[in-house]
Amino acid sequence: MKEYLKLGFTAPNELYKAMKMTRKQLFYYFALLTLVITISMASLLMTVMGNLKEDGQEITEKLPSFQITDDKLMVEEKTESYVHQTNSFLFFFDPNDSIQEEEIDTNVERLNTPIGIGLMDDQFYLNIVGQSLPVSYAQLGTFNDSDFKDIMADMGRFSPVVLFFTFVVTYIASGFSLLYEWLIIALFANVMKTFARIAIPFGKIARMALIALSVPTVIFALFETFGLFIPFTFEITLGFSLLFVYRSLKNYKKEHKN
């Protein structure tokens with residue numbers, strides 16, 4: 001296993017040496033790269049969830065006292081409708097029925113805000129990354145500003161169960177993402193092998209393709225861990241991985257001519 005790690009990071013032009021990998025080693029290498037991506041994504045998710053707590057506190061500090069009476073939003077004193085934006089939320093407080101659902105959806109999309117929340121005249125409206133969820137106050141039953149503050153406070157809390165569930169879901173998602181990239185690179189590499197007139201089974205080409213993913217996968221994972229997002233990561237990963245495979249096939253052909 002160590003020799004293939006060293007191969008992926010220090011000698012990507014000699015990927016043909018990965019043809020000797022056993023299925024067990026192949027599985028472990030895939031699992032390891034998936035873990036790298038998972039740690040990066042989980043770190044990012046924890047940061048986002050931490051921001052949710054801070055942003056939620058910012059919103060609730062300015063929230064007027066209210067309660068739901070006869071399925072309507074009622075405030076103790078006459079209050080103008082307003083909008084409050086944070087990094088995580090676009091919050092609409094509208095006891096005067098002056099804001100429409102379409103306005104929330106449009107602004108959430110335009111401002112690229114992850115979550116839109118509307119405490120409207122007759123409903124609680126939620127927009128999460130473009131998906132709308134209106135909930136009538138009749139469904140909520142007894143509801144007031146204290147209940148809303150509790151909901152916002154709970155968003156940033158981490159329990160062992162939540163952390164474990166987040167890790168498992170993120171690992172599975174990362175695995176599918178890596179599997180997709182691996183398949184695309186392996187298919188392209190197989191075409192390159194055919195044009196180069198090299199007789200190598202697809203299984204061995206797939207082993208080369210997986211090792212070729214090592215450098216770009218780890219580099220982009222590190223960038224994302226620190227909140228640095230590079231555009232066209234898939235295209236760049238594909239380009240570098242195929243370049244490594246191409247050079248490795250050339251070296252393989254030279255060695256087997258002698």
Side-chain angles (χ1 to χ4, degrees), residues 1-45 47 112 129 167-258:
M1 188 68 176
K2 290 181 181 179
E3 62 181 295
Y4 298 118
L5 284 170
K6 185 177 180 180
L7 177 66
F9 290 98
T10 64
N13 293 333
E14 299 177 4
L15 298 178
Y16 57 85
K17 295 179 180 178
M19 295 182 192
K20 299 177 182 178
M21 291 180 78
T22 64
R23 290 185 179 181
K24 188 175 182 180
Q25 290 172 326
L26 188 69
F27 173 79
Y28 285 151
Y29 204 94
F30 180 85
L32 180 61
L33 287 184
T34 301
L35 181 62
V36 170
I37 300 172
T38 301
I39 292 172
S40 173
M41 291 182 64
S43 174
L44 185 61
L45 283 173
T47 301
N112 196 28
V129 291
F167 179 83
V168 171
V169 171
T170 305
Y171 190 88
I172 293 172
S174 300
F176 277 113
S177 176
L178 181 63
L179 183 62
Y180 173 76
E181 291 182 350
W182 181 21
L183 178 61
I184 296 297
I185 293 167
L187 290 172
F188 273 107
N190 196 56
V191 172
M192 292 167 62
K193 171 214 70 173
T194 302
F195 279 112
R197 297 182 180 180
I198 301 174
I200 302 175
F202 180 76
K204 293 186 177 181
I205 284 291
R207 285 164 168 77
M208 292 175 61
L210 182 62
I211 304 299
L213 275 166
S214 304
V215 172
T217 296
V218 171
I219 288 177
F220 285 129
L222 286 173
F223 276 128
E224 291 177 3
T225 299
F226 292 103
L228 301 173
F229 299 98
I230 310 298
F232 308 112
T233 55
F234 173 73
E235 290 80 1
I236 296 172
T237 298
L238 183 65
F240 273 100
S241 299
L242 290 177
L243 177 62
F244 295 150
V245 172
Y246 171 73
R247 289 181 174 176
S248 297
L249 288 173
K250 285 183 66 177
N251 291 335
Y252 176 83
K253 194 171 183 180
K254 286 179 182 178
E255 283 199 8
H256 285 73
K257 274 187 176 181
N258 298 329

K17: partners by salt bridge (Lys or Arg N to Asp or Glu O under 4.0 Å), with sequence neighbours left out: E14
Distance-only donor-acceptor pairs under 3.5 Å for side chains of residues 171-181, two or more places apart:
unit_1, atom_1, unit_2, atom_2, d
Y171, OH, A31, O, 3.2
S174, OG, T38, OG1, 3.4
S174, OG, T170, O, 2.7

Got a sec, which pairs hit side-chain hydrogen bond (donor to acceptor under 3.5 Å, both in side chains) with one end in [range], sequence neighbours left out?
range: residues 210-221; value: Y29-S214
range: residues 185-197; value: N190-K193
range: residues 238-247; value: none

From [X] atom [atom1] to [Y] atom [atom2], the distance as rounded to the nearest 0.5 Å:
X: I205; Y: L187; atom1: CD1; atom2: CG; answer: 11.0 Å
X: K253; Y: I200; atom1: NZ; atom2: CD1; answer: 10.5 Å
X: I211; Y: M19; atom1: CD1; atom2: CE; answer: 12.0 Å
X: L242; Y: T237; atom1: CG; atom2: OG1; answer: 10.5 Å
X: W182; Y: L26; atom1: CH2; atom2: CG; answer: 4.0 Å
X: R207; Y: R23; atom1: CZ; atom2: CZ; answer: 7.0 Å

Applying side-chain contact (heavy atoms from CB on, under 4.5 Å), run through Y252 and I198 and close with a yes or a no. CA-CA 9 Å; Y252 176 83; I198 301 174; 3.5 Å; yes
A side-chain contact here means heavy atoms from C-beta on lying under 4.5 Å apart; do [X] and [Y] qualify?
X: N13; Y: N251; value: yes
X: F223; Y: T233; value: no
X: Y28; Y: L32; value: no
X: L238; Y: F188; value: yes

Could you pull out all residues at least two apart from [X] that satisfy side chain to side chain contact (heavy atoms under 4.5 Å, CB included)?
X: K20; result: Y4
X: V191; result: F195
X: T22; result: K24, Q25

Looking at A206 and A186, what are the two nearest heavy atoms and their distance? CA-CB, 4.1 Å
Please report the shortest heavy-atom distance between A189 and V245, naming the atom on each side. CB-CG1, 3.7 Å
Name all residues meeting the ring-ring contact (aromatic ring centres under 6.0 Å, His included) criterion together with F244; count only those two or more places apart in sequence or in a different chain, and write none if there are none. none
Counting only heavy atoms from other residues, nucleotides and ligands, does the tally under 6.0 Å from CZ of F234 exceed 12? yes
